[in-house]
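A quick write-up on the structure given underneath.
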Amino acid sequence: MVDLLPEQLGLWQHVEVTAREQFRRSAIREIRTPLLEVTELFARGIGEATDVVGKEMYTFFDRGERSCTLRPEGTASVVRAAIQHGLLSQGPQRLWYGGPMFRYERPQAGRQRQFHQIGVELLGFADACSDVEAIAVAWDLLAELGVGGLELELNSLGSAEDRARYREQLVAWLEQHRAELDADSQDRIHSNPLRVLDSKHPGTQALLAEAPSLASALSDASQSRFAEVQQALTALGIPYVLNPRLVRGLDYYSHTAFEITSSQLGAQATVCGGGRYDGLVQQLGGPATPAIGWALGMERLVLLLSQLKRPAAVASALDLYVVSRGEAAATQALALARRCRQAGLAVERDASGAAFGKQFKRADRSGARWAAVIGEQEAIDGVVALKDLRADGGEPADRRLSPEGLLEALGAALPRP
Ligand code: ATP
Ligand code: MG
């Protein structure tokens, strides 16, 4: 688990602001759920056979002896909340969430135990265009942030019936080749056979070239739905590559599955993953509700952005740096800083009481455009000397102003009485 320091957070906030704006334009509203849920939610919502539930959860008993889990992902909680608060009876829901997630994984670049996601869930949307709308929101967000080297990988898992049929074929084939599989894949033959397709083991990967393909198990209806998704992506000019091995290993996933990867990330190349999960709402006790969603990994996205040649300009936040010397001046500086903040300016007050020279150095380094100077004489006269920190060479004399005059000079909007 890592600390995020002020220096790094400029980029994080830039992503968050851009994402919020993208969601606003897309009529997607925020939802916030607790970090802690009863374990049962994830066991049912993600599935016992997955790595996340089987190996990665932070689970403990609370003082009431209930088994609790720090959320490893956002979808199950969002669906729980939507069911619990009857949101689904109010019509389709376009929701987004953001925040920390917890998985007990082996930490490495782009993989942490506490990490952050931003995600979108469209609940109550069945048509193929909704799949593409969801994908486009993610794609356009990444494009707007200036991320390069992106690739959209796409697959269809078909309907629940297609999957069940394919699962039988695949299990039979895997059983025939059990001895040639890696140990993890052997364990998954019955518990989560589709996930074997996703194995990173080179021997297993090579062997799988011969396995029955999911695509050939899709019904005509599923195939034409998948074709519709591809046509809509093409119509929007979003390029994609088909990846028949791309699976989301959970039972309730169906039809569209996708990942957005970047060639600029190392081994952890996936920035965003998502898909259709028509079975989940019902599985968690709600009304049958088609849905599609995705989640984006903030750490990996920020890593990408920090590699850009011209990282997104993160504006220096400070307008005014207040310098003072002497006790009476310090009180006036305090009052001035507060007055300016109330008027909407970002203000830092130098509290050191050091020599003016030192304070001015700090003022220069602060990135503020202006410095307000209150020395002993200014304190007696009740005025402030305003200094333009960007003025070069033929510097005009400092202006001596009243606090109100200073506010006016800086063009700040005065608060309403
Ligand atoms: P991976 O195959 O990389 O483990 P995943 O399939 O477990 O990914 P999802 O559950 O789909 O990931 O989560 C969506 C996104 O969240 C991922 O694409 C990734 O960007 C990010 N993510 C997942 N796990 C972590 C982690 N432990 N640390 C940082 N980011 C993560
Ligand atoms: Mg994972």
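Whatever order the structure lists ligands and atoms in, that order sets their numbers, starting from 1.
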**Prompt:** Counting only heavy atoms not in Arg32, do more than 12 sit closer than 6.0 Å to its CZ atom?
**Reply:** no
**Crowding at OH, Tyr104 (>12 non-hydrogen neighbours, <6.0 Å)** = no
**Item:** Side chains of Gln114 and Arg103, donor plus acceptor under 3.5 Å
**Value:** no
**Message:** Can a donor-acceptor pair be found, under 3.5 Å and without considering hydrogens, that links the side chain of Ser352 to the backbone of Ala354?
**Reply:** yes
**Item:** With sequence neighbours excluded, residues passing side chain to side chain contact (heavy atoms under 4.5 Å, CB included) with Thr75
**Value:** Glu73, Val79, Tyr97, Glu121, Tyr277, Leu280
**Request:** Report yes or no: does Arg325 contribute a side-chain atom to a donor-acceptor pair with the main-chain N or O of Gly353 at less than 3.5 Å?
**Result:** yes
For ligand 1, what N or O to protein N or O distances fall under 3.5 Å?
| from | atom 1 | to | atom 2 | distance (Å) |
| --- | --- | --- | --- | --- |
| ligand 1 | 3 (O) | Arg111 | NH2 | 2.9 |
| ligand 1 | 3 (O) | Arg300 | NH1 | 3.2 |
| ligand 1 | 3 (O) | Arg300 | NH2 | 3.2 |
| ligand 1 | 4 (O) | Arg111 | NH1 | 2.9 |
| ligand 1 | 4 (O) | Arg111 | NH2 | 3.3 |
| ligand 1 | 7 (O) | Arg103 | NH1 | 2.9 |
| ligand 1 | 10 (O) | Arg103 | NH1 | 3.2 |
| ligand 1 | 10 (O) | Arg103 | NH2 | 2.8 |
| ligand 1 | 11 (O) | Arg248 | NH2 | 3.2 |
| ligand 1 | 13 (O) | Gln117 | NE2 | 3.0 |
| ligand 1 | 16 (O) | Gln117 | NE2 | 3.0 |
| ligand 1 | 18 (O) | Thr270 | O | 3.3 |
| ligand 1 | 20 (O) | Thr270 | O | 2.9 |
| ligand 1 | 20 (O) | Val271 | O | 3.2 |
| ligand 1 | 20 (O) | Gly297 | N | 3.4 |
| ligand 1 | 27 (N) | Glu105 | OE2 | 2.6 |
| ligand 1 | 27 (N) | Gln112 | O | 2.8 |
| ligand 1 | 28 (N) | Gln112 | N | 3.0 |

